[in-house]
Every structure is written in C-alpha cells, then in structure tokens.
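In what follows, a single structure is set out as structure tokens and then discussed.
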Amino acid sequence: MSDRHLVLHDPDGPPETELPLDRAPYEALVTAVLAWKDPDLEPHDYEQLALQLAGHARAVADDVRRHAAALPKSDGRGALAEIVLQEADRRLSVRPKGTIRCVQSHARLVRALYERLDRLEAAPAPDRAAPPVG
C-alpha cells in the first residue's frame, strides 16, 4: 500500500476546477418526473427530489454563467443566458416544497438550464470564428 493520495475534489477550490457534472442520471430523473401522472409519494419524498434537482440546477447554472461570461458583450447568447439565469436564481431562492408541482418545476428548470448550456457549448468560441467563405 502507498501513503500517497489523489485529491479528486477540493471544496475550497475555485468552481471551474470541480469535477464535471454527471448529466445522464439527472436527465433520466427529469424525464421521469415530467412524465408523472399521479406518483402518490409522501411529501418528504417530493421534498427530497426537489432538493436534489435544485442542487443540480445550481451546478448547471454555474456552468451556464461561466460560459456566458466568456462571450463578448455584443453576443446575444449571453443576454439569453442571463434571462435564463435570472429565472433560475428567482426560482432557486425559495426553499423547495414537498409537492409534485414543485418537483416538476425544478425538473423543467434543470432541462431549461441544460438547453441553454448546450447552446453555449455548441457555439464557436469568439476567437475561433469560421473564416469567411469565398
């Protein structure tokens, strides 16, 4: 055995050094939650799901914020990201409730944040714009 250790996550380090988000389980959870008709769960189960989705929404919002901050001020994608982030901040400022409506609201928020993140990641970097054709 070795006395050496590898640090995978430093909670006091800057956010950009954190591990990447594990997206697939949350996308599956969002899909399941939005497909619910009448799951008949206990209020504390709804609250735990809402808390889990709220925590993940905060992490995705941080990624959206970092990508948007890297854009030039004249880029409209940053303005659209800011609208989504303001809505996320507003919704996440309230403690989640133990209701199906709250859980589904947080699921829709996670989905919207991932959609915005995908658009920001898919766009070419400002300094790597495609050369003019012709």
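Nothing fancy with the numbering, it's 1 onward along the sequence.
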- With side-chain contact (heavy atoms from CB on, under 4.5 Å) as the test, would you mind laying out the steps for Leu120 and Asp63 before giving the verdict? CA-CA 10 Å; Leu120 291 171; Asp63 278 357; over 6 Å; no
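- The backbone N or O of Leu92 lies less than 3.5 Å from a partner atom in the side chain of Arg58, making a donor-acceptor pair.
- Taking all atoms of both residues into account, the shortest heavy-atom contact from Ala68 to Ala81 is CB-CB, 3.8 Å.
- Note that the CD atom of Glu82 and the CD atom of Gln86 stand 4.5 Å from one another [nearest 0.5 Å].
- Here the side chains of His67 and Glu121 are in contact, with some heavy-atom distance below 4.5 Å.
- Taking CD1 of Ile100 as the start and CG of Asp45 as the end, the distance is 12.0 Å to the nearest 0.5 Å.
- Under the 4.5 Å side-chain criterion, counting only non-hydrogen atoms from C-beta, Arg111 is not in contact with Val33.
- Using cut-offs of 30° and 60° on the angle between ring planes, the pair His56 and Tyr114 is tilted.
- In summary, Glu47 and Arg95 engage in a salt bridge, as defined by a charged side-chain N under 4.0 Å from a carboxylate O.
- In terms of the side-chain contact (heavy atoms from CB on, under 4.5 Å) criterion, Thr31 has no residue partners (sequence neighbours excluded).
- The structure places CZ of Arg108 at 13.5 Å from CG of Leu113, a figure rounded to the nearest 0.5 Å.
- One hydrophobic cluster, built from ILVMFWY side chains closer than 4.5 Å, holds both Leu109 and Leu34.
- The backbone N or O of Leu41 lies less than 3.5 Å from a partner atom in the side chain of Tyr46, making a donor-acceptor pair.
- Here the closest non-hydrogen pair linking Pro96 and Leu51 is CG-CD2, 3.7 Å.
- Checking side-chain atoms of Arg91 against main-chain N and O of Ser105 turns up a donor-acceptor pair under 3.5 Å.
- Across all non-hydrogen atoms, the minimal contact from Val60 to Leu117 is CG1-CD2, 4.3 Å.
- Nearest heavy-atom pair across Leu85 and Ala61 is CD2-O, 3.5 Å.
- Between Leu29 atom CG and Glu27 atom CD the span is 11.0 Å, to the nearest 0.5 Å.
- Salt bridge present: Arg23 and Asp118 bring a charged side-chain N and a carboxylate O closer than 4.0 Å.
- Across Val103 and Leu53, no two heavy atoms sit closer than the pair O-CD1, 3.7 Å.
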